[in-house]
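Atom set for the values below is all heavy atoms of this structure, side chains included, hydrogens, waters and symmetry mates excluded.
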Amino acid sequence: MFVHLSGAVAARAANLWREIEARDEDEYDDEDDQQDQRFGSHVGLLLGSTTRIIPPPDWAAAGMGDIIPAMFQDTNAILDRLNPAQLRAVTTVDGPVLVLAGPGSGKTRVITHRIAYLLGEKHAPASSVLAVTFTNKAAREMVDRVRLLAPYQASQLTIGTFHAICARILRREGAAIGIAPTFTIADDDDQAAVIKRVLKELNWDEKRNPPRALLSRISAAKSVLIGPREFATSASDYADEQVAIVYGRYQEALAAADLLDFDDLLMSLVNLLVECPTVLERYQQRYVHVLVDEFQDTNVAQYAIVRRLGAGHNNTCVVGDEDQSVYSWRHADIRNILNFERDFPGTRVIVLEQNYRSTSTILRAARKVIAPNRQRKEKSLFTENEAGERIVVFEAYDENEEANYVASQIERLAAGQGLRLSDVAVMYRTNSQSRVFEKLFLRHRLPHKVVGMRFYERKEIRDVLSYLRLCYNHNDVTSLDRVINVPPRQIGSKTLADLRLWAARMGVGVSDAIETLATGQQTQVPCPISARAQNALAEFGRTMSVLRRASRELVVARLLDQVLERTGYAEFLKDGTEEGQARWDNVRELLTVAEEFSHYDPESSLAAFLEDVALAGDADEYDASAEAVTLITLHAAKGLEFDVVFIAGLEEGICPHSRSVEDERQLEEERRLLYVGITRARRRLFLTYAARRSQFGEAGARQPSRFFQDLPKDLVQGTARAVQGRGRDWTRPSAADRSSPTSPVLGGSRPSHPAPAPALVEPTAAAPTVFRPGERVSHPRFGQGVVVSVERRGDDQEVTVAFPDLPIKRLLSSLANMKVLA
DNA sequence: AAAGCGTTTATTTTT
DNA sequence: TAAACGCTTT
């Protein structure tokens, strides 16, 4: 997520910083600070970037209250413009509360206003509030918005992701249960590397014991707080016994390397709270008010944390929507929502049912799509918004035509000028679908950005970070393995094997063994490594020891310089190829991240940097300000909203995904995924699918998604057969589908190539607001204007409007959201 | 030790 | 298609 600091957030932070620096620091007297002393050391914002941009105690000293206009501190502003349900959710602060928040119902608003209410009206010390989110982005947004409402105290809040909060507490208190304070966090790749090492040691075949499958079993166990020992005792069949063996070894390997994986962060915190009552008590006392966002996505371990921390004062408020639970494959457990009322006696349940986001057409469609799910609480979502346009369903000949159609539609809508590209998103089930959109958007010269190419998963970034991790935690053998021969240093697998053997014989870590070689110490155990390889290792060891020393003296950015220089990595990357250049550019970007990190808080440690980077997600990447179409998976789109949404690839096997069609529960999740996608749209929704699609290089016929059956026809426009057939079972191919692509249902012969997409021909009666020349209108962005002329565009209107001091605008009635003024 | 070549496999991925 | 992996050759 750190990258994202380089965007708008960074700019804003930099401004605040400058303003703060410009002020005197003599008004220091704050009571929050005293509060904090009382509660022991400061946790602060666990937000990574924001935390360190503004060191907590300085906020008050800096007189931030003067910077923010006084009106925001008014309690009225906090409770103003909330509907009755929202108001109850904000002001019910004694006792447990379960908020069921439908899409677009003002959930974030409720949470931020609740916090502001606690601080401003109930005079709760900020340090007594704990707010947990799932993404850094959500946490950051929360801080930003609370800051507007309660500028003084915002910095004293504990707001962060589950994992960030756990990591922070464990780093400080973990020693009590044997966790080194210098632990580093193992990501997916590290996990795989450790498992593979374990398999190798056991002499097990990777083919018969796929590391991914093993990891998934282990992760599932950790998610429900089953440790390796317990797993072994309860293993009931042979497969489980196998897993148990690997699980045990895996944990040992992690522990030896002072590594915690993501699941460990959660499970270890629970262990800590269970085994150390004094620690538990301290945190329970501190956190009087606990809030949890996206509660439907919590797993058992996270729920245990919430239960325990919240047990002190019993003011736990959770917000969620089981219809938007799309991470069960990551062990999120919807039952947490159901169990909440049971586990927190006296829970008040508040349902937010009014949708402020979408047209009633879109909301109706969404309700119909989600309705067949059995695992849900019945809700009655409603909206006072207008009906808006019908939903467009489009059948493309293949994935190229699909992307071409989407591009053309976006161009058409953008030409109407009411629509900015940043208000458009194209969503799909799998990341691989993005490729064809990128290709065609490039051809159309349509600006776009793909959310999800994970910056921190790139080889070069991981390599460089591994060097940093190795500086901080020299037991981190995963990182050592990664970089010991990158760039090539003549250290191959044989040398490494000998090195491990030798280290084991001496009873020391691999890094220590290298150190021994580097300093030329004599050893009791003879070294089985060739002189040449010994030299190579010694050289590497000396480099690392220099860097390790540097890591204690330099800020992260300067340390990075040293790493790139002294390891030869910079030179290694700059090999003259285009790819090398691209990789180097990525490293430069990481350097920029580090620069910002060091600049905003020179005191911040390498540990903090590594933690931020390890816990950084990449939905964070999403930058709403760029003038470009967003390409994004349905999963990553959760929590976002756009004026216009295209959901592509709605075919059997893709959505629902082929791996999900066997299982009823998984099918329900696919349905929720589509529901999430639909409810992202504010004004217009396009659903597309392809009759043929190439996947894995193989072309094949496709059937429209079964979910089309649940889409009421009167909400849809378009000729696509998915919405023409009556009660047809799409899961079974019809005679027509099996025939050639020129079958009549497809509307006669279709060119196989970039066909001009059939426009939205159906003139329908459902017209949006009708404008007439001479009328005075108001536009949300341009203000008041006068209609010059009007032209029909299918069932839409292109309205030419003159606004004072602005060039004449041509706007599409359906998009511009203009109102006629009396 | 490193480069080259055929084989295999293919969701989603808040952290 | 493409990337990741393991085996073979240089």
Might you list the N or O atoms of the protein lying below 3.5 Å from N or O atoms in nucleotides 1-3 of chain C, with each pair's distance?
unit_1: C:dT1; atom_1: O4; unit_2: A:Phe696; atom_2: O; d: 3.3

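The side-chain ring of A:His657 is stacked on the base of B:dT11, judged by centre separation under 5.5 angstrom and plane angle under 30 degrees. Ring stacking is absent between A:Phe162 and B:dT15, as the pair misses the limits of under 5.5 Å between centres and under 30 degrees between planes.
In summary, A:Arg693 and A:Glu651 engage in a salt bridge, as defined by a charged side-chain N under 4.0 Å from a carboxylate O. A salt bridge between A:Asp297 and A:Arg330 is absent, with no side-chain N of the basic residue lying under 4.0 Å from a carboxylate O of the acidic one. Between A:Arg583 and A:Asp463 there is no salt bridge, since no side-chain nitrogen of the basic residue lies less than 4.0 Å from a carboxylate oxygen of the acidic one. The residues A:Arg376 and A:Glu668 are annotated as not salt-bridged, no charged nitrogen and carboxylate oxygen being separated by less than 4.0 angstrom.
A donor-acceptor contact closer than 3.5 angstrom links the side chains of A:Glu294 and A:Gln296.
With B:dT15, B:dA10, C:dG6 as the candidates, the nucleotide lying closest to the side chain of A:His163 is B:dT15. The listed nucleotides are B:dT15, B:dT14, B:dA2; the one nearest the side chain of A:Asn136 is B:dT15. When each of B:dA2, B:dT15, B:dT13 is scored by its nearest atom to the side-chain atoms of A:Trp329, the top-ranked nucleotide is B:dT13. Relative to the side chain of A:Pro488, the nucleotides B:dA2, B:dT15, B:dT13 differ in distance, and B:dA2 lies closest. When distances run from any side-chain atom of A:Lys494 to the nucleotides C:dG6, B:dT13, B:dA1, the shortest one goes to B:dA1.
Rounded to a whole Å, the CD atom of A:Gln490 is 13 Å from the C1' atom of B:dA3. Here the P atom of nucleotide B:dA2 and the CZ atom of A:Phe572 are 10 Å apart, to the nearest Å. Rounded to an integer number of Å, the gap from NE2 of A:His635 to P of B:dT13 is 7 Å. Rounded to an integer number of Å, the gap from CZ of A:Arg212 to C1' of C:dA4 is 12 Å.
DNA chain B is contacted by A:Phe262 of residues 260-271 of chain A, taking any non-hydrogen atom closer than 4.0 Å. A heavy-atom distance below 4.0 Å to DNA chain C is reached by these residues of residues 185-196 of chain A, ordered by number: A:Lys196.
Ring pair A:Tyr327/A:Trp329 is tilted by interplanar angle, where 30° to 60° counts as tilted.
Nearest-nucleotide mapping onto DNA chain B: of A:Gly492 and A:Glu669, the residue sitting toward the 5' end is A:Gly492. Position along DNA chain B of the nearest nucleotide to A:Lys638 versus A:Ala533 favours A:Ala533 as the more 5'-ward residue.
A 4.5 Å side-chain heavy-atom check between A:Asp187 and A:Glu457 finds every atom pair outside the cut-off. Counting only heavy atoms from C-beta outward, the side chains of A:Asp476 and A:Arg482 never approach each other to under 4.5 Å.
At a cut-off of 3.5 angstrom, the base of B:dT12 holds at least one donor-acceptor pair with the side chain of A:Arg429. Side-chain N/O atoms of A:Arg330 and base N/O atoms of B:dT15 include a donor-acceptor pair closer than 3.5 Å.
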